[in-house]
Amino acid sequence: MTDPPADADGEDGSGESDAWDADRYERDHAFVYEYGADVLDLLDAAPGERVLDLGCGTGELTAELDAAGVDAVGLDASAEMIEEARAAHPECEFVHADARSFAFDDAFDAVFSNAALHWIPEPDHDDVLERVHDALAPGGRFVAELGGVGNVQTIERALRDALRDRGHDAESPWYFPSVGAYAPRLEAAGFEVTYATLFDRPTELDGDDGLDSWLRMFGDTFFEGLDEREVDDVVAAVEDALRADLYREGSWVADYRRLRFVAERTT
C-alpha cells in the first residue's frame, strides 16, 4: 500500500509527505496501478472532461486518462512520486500537494482516486472530502477505490504477533473503512452515494520474495525503531506464519479487500 510513505496499496498516497522509493514502487509493485484500470472503467471519463487523479503515485493512470483525451491532473503528497511521474509522463500535469489541503482555481468534472485514501489517518478524512467537494463542479463525481475493512487482516495480524514476540508494537498507518462507515461521511460532506461495494480481491505478490518486498515497502512504519537484523527476523517470522495460508505455487497472495464507490456532489 503507497504512505507514510505519503501515498498511496503505496500504494499511492495522498496524505502526509514522506520518503518513497519511487523506482522500487514502479519496479516491484506495478499491480497497484494495474488494478486501477477497473476503477478507470467505473469513472468512464469522456474526452474533454477535467479530472483530478488524487494520490496519483508515479502517474500511470493519469497518463491513461490523458491519452484518452481527458484533461487530467495528477496530485500526490510524495515529492519522490511526483518527480518520477513528471519524468515518465512529461505530457501530463502533476502537482505536489496534500489531499487534506489542496485547492485549484478551476473546477473538475470528476475526482478519481486509486489505492491512496487508506493512507490518510481516519480523523483527517472529513478534511479530504471537503477538499474534494470544493474541487468539483456541481454535479461532479468522486470515484475511488481504497482498502476496505478487513484488508490485509491476515498479514497485519501475523506482523503484529511477530513484533509482539520481540517486545515491539506499532500503530497501523492505514484506515480501512466499511461501506456503512464511509457512505455517511460522504453524505455529510455534500455527496450522494450512487454506488458502493466491498469485495475480496486476493492479490498476487510477485515471486518467492513478494511478501518480503511488500512488507518493507508498505509496512515500513511497523519497523520503526528496529535495526536491520530485527527487521529481517520479523519478516522471516511473518513468512513462516503465513506460508501455509498465503503462499501458492511459487507466489504469495495478499488478502486484499477493497471498498469502491461513486459519489456525486449535490450541494
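When a residue number appears, it is its place in the shown sequence, counting from 1.
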Which pair of heavy atoms, one from [X] and one from [Y], lies closest together, and at what distance?
X    : Y    : answer
A158 : V238 : O-CG2, 3.9 Å
L129 : A189 : CB-CB, 3.8 Å
A97  : L75  : O-CD2, 3.4 Å
T62  : G74  : CG2-N, 3.7 Å
L146 : P177 : CD1-CD, 3.7 Å

Query - Ring centre gap for Y175 and H118 strictly below 6.0 Å - result: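 No; H118 has its ring centre 6.0 Å or more from that of Y175.
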Query raised in the report: Using a distance-only test with no angle check, is there a side-chain donor-acceptor pair under 3.5 angstrom linking S78 and H96?
Result: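 There is no such pair between these side chains.
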**Report entry** No-hydrogen, no-angle side-chain donor-acceptor test under 3.5 Å, E249 and S251
**Finding:** no
Report summary line: For V253, the hydrophobic cluster (side chain heavy atoms closer than 4.5 Å, chained through members) also holds none
Query raised in the report: Which word best sums up how the rings of F261 and F142 line up, parallel for under 30°, tilted for 30 to 60°, or perpendicular for over 60°?
Result: perpendicular
Query raised in the report: Do the side chain of R260 and the main chain of E145 share a donor and acceptor less than 3.5 angstrom apart?
Result: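 No, the answer is negative, given that no donor and acceptor are paired below the 3.5 Å cut-off.
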Requested in this report: Please confirm whether the backbone N or O of G190 pairs with a side-chain atom of T266, one donor and one acceptor, at under 3.5 Å?
Outcome: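 The answer is yes, because a donor-acceptor pair under 3.5 Å joins these two groups.
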Query - Residue pairs passing the side chain to side chain donor-acceptor pair (under 3.5 Å) test where at least one lies in residues 226-235, sequence neighbours excluded - result: H168-E230, R216-D232
Solution key, residues 191-200 side-chain donor-acceptor pairs under 3.5 Å, sequence neighbours excluded:
residue, atom, partner, partner atom, Å
T194, OG1, V262, O, 3.3
D200, OD1, R257, NE, 2.7

